[in-house]
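For reference, the structure discussed in these notes is given below.
Both ligands and their constituent atoms are indexed starting at 1 by order of listing. These values consider heavy atoms only, across backbone and side chains, with no hydrogens, waters or symmetry-generated copies.
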Amino acid sequence: MKKTFLKLGKQPLANSFLSNLTKKLLRQEFFYNLNVSFNSKNFLVSVSNPVNPKLQYTDNYAHRASESATMRNAFKQTARKLKKRFNPKIILEIGSNDGVFIKNFNRKKVIAVEPCKNLANLTKIRYKTFPNFWDKKLAYKIFKKSKKADLIFSANTISHIPNLNETFQAINYSLSEKGVLVIEDPSLFSVIKNNSYDQFYDEHVYVFSTLSISKVVEEFDLRLFHAEHIQTHGGSMRYYICKKDAIYRKSKKLISILKSERNNKLHKYITFKKFSIRVQKSKKALKKIFKKLKNKGNKIISYGATYKSTTVFNYCNIDSKLIDYVTDTTLNKQGRFTPGMHIPIISPEKGMNESVNYAFLGAWNFKKEIFRKEKILLNKGLRFISHVPWPQIIGK
Ligand code: TYD
């Protein structure tokens, strides 16, 4: 049974950066109520009323995984690790974005699936790329006459697809008998520990726990046999899944992760209800910091036009009265305005200088990389505001 535990208010699509603020565009801006619920049957935490994916994954999709050195490096290491362990001959990636993962493989071995055509166009020159949503129809089209995949990889994508039946049935069809499905997604345990409620936005239909993934895949004759913690996106999990009767044995690591999640009651509604109370307090504390700093005449900006900060700004009602602008390295975010709160986005070259007193760390998941980059300004007194794990001012 599904029960709502968190209400994050009226929210726009996290990636719908506006090209201008004309009345027409503002009238057309799409909003929905972001409620998050817990299913006591399979322990799934999900957005209560998911948005239609066709509205989200358009041909203007902004996110480019290759933008960050941290992500480029993470995917390179992952590819190396998976090659060494499984030596795959046919690799399917679901949600290949700008090719940040597949570029680490021999192009003849790779099949990429990416519904956003602007992104699919980036990889189709070198890699076999299907510019489609992942579903059974596509799986049949790709694998009906060819050998099945012995590695299916999908990072930050499965959690975005509302229809898990369609997704996993298509995966089961496409996976070879000894094949392995490896998925990476933000970790629910990390969200609870960090109070990172901004992991909830329209695209993150699910934030999985190991307990929930284990239950869900069993419904599709698949089996979770290993899991590991990874650092990306502020705390994620990598899950290793095979067919029910495949040879892989359940790892000790997986047993200990499942035990730890049970000990921390990730299978109980009360855990999420308590989290929701902390989130409401976090909102109040963050607004207090902003107002205090602003009243003292400080210039506050935001660092990284992340999807996560769409949730924070709209939930906490933080707009251009509090934040002068947002800086972001992504070319197609620059010159636009943030969804819902309409704060201008500019390049770091233009926006990061000594006039800035405080920067909200929208991209808190890249704190190390950003602090390294902004060392000089930090030494000159720049300070960051972060809401994870609790609203505070940080520096150095
Ligand atoms: P991302 O981590 O994908 O977060 P989300 O999924 O919430 O959108 O986005 C990080 C954003 O931050 C991306 O737009 C690039 C930007 N960024 C900078 O502007 N400067 C930096 O130094 C880094 C690391 C990222």
- Query: So, Glu184 versus Tyr239: side-chain donor-acceptor pair below 3.5 Å or not?
  - Reply: no
- Item | Flag for Asp198-His387: side-chain donor and acceptor within less than 3.5 Å | yes
- Near ligand 1 (heavy atom, under 4.0 angstrom), the protein residues are His63, Tyr201, His233, Tyr303, Gly304, Thr306, Tyr307, Lys308, Asp328, Thr329, Thr330, Lys333, Ala363, Asn365, Phe366, Glu369, Ile370, Lys373
Return a table of donor-acceptor pairs under 3.5 angstrom between the side chains of residues 217-226 and protein atoms on other chains or two or more places apart.
{"unit_1": "Arg223", "atom_1": "NE", "unit_2": "Lys244", "atom_2": "O", "d": "3.0"}
{"unit_1": "Arg223", "atom_1": "NH1", "unit_2": "Tyr248", "atom_2": "O", "d": "3.0"}
{"unit_1": "Arg223", "atom_1": "NH2", "unit_2": "Ala246", "atom_2": "O", "d": "2.9"}
{"unit_1": "Arg223", "atom_1": "NH2", "unit_2": "Tyr248", "atom_2": "O", "d": "2.8"}
{"unit_1": "His226", "atom_1": "ND1", "unit_2": "Ser251", "atom_2": "OG", "d": "2.7"}
{"unit_1": "His226", "atom_1": "NE2", "unit_2": "Glu228", "atom_2": "OE1", "d": "3.2"}

- Residues in side-chain contact (heavy atoms from CB on, under 4.5 Å) with Ser187, at least two apart? Phe189, Ser190, Met237
- Tyr269 six-ring centre to Lys3 NZ/CZ under 6.0 Å and within 45° of normal: yes
- Task: Taking side chain to side chain donor-acceptor pair (under 3.5 Å) as the test, write out the residues that go with Thr123, two or more places apart.
- Result: Thr129
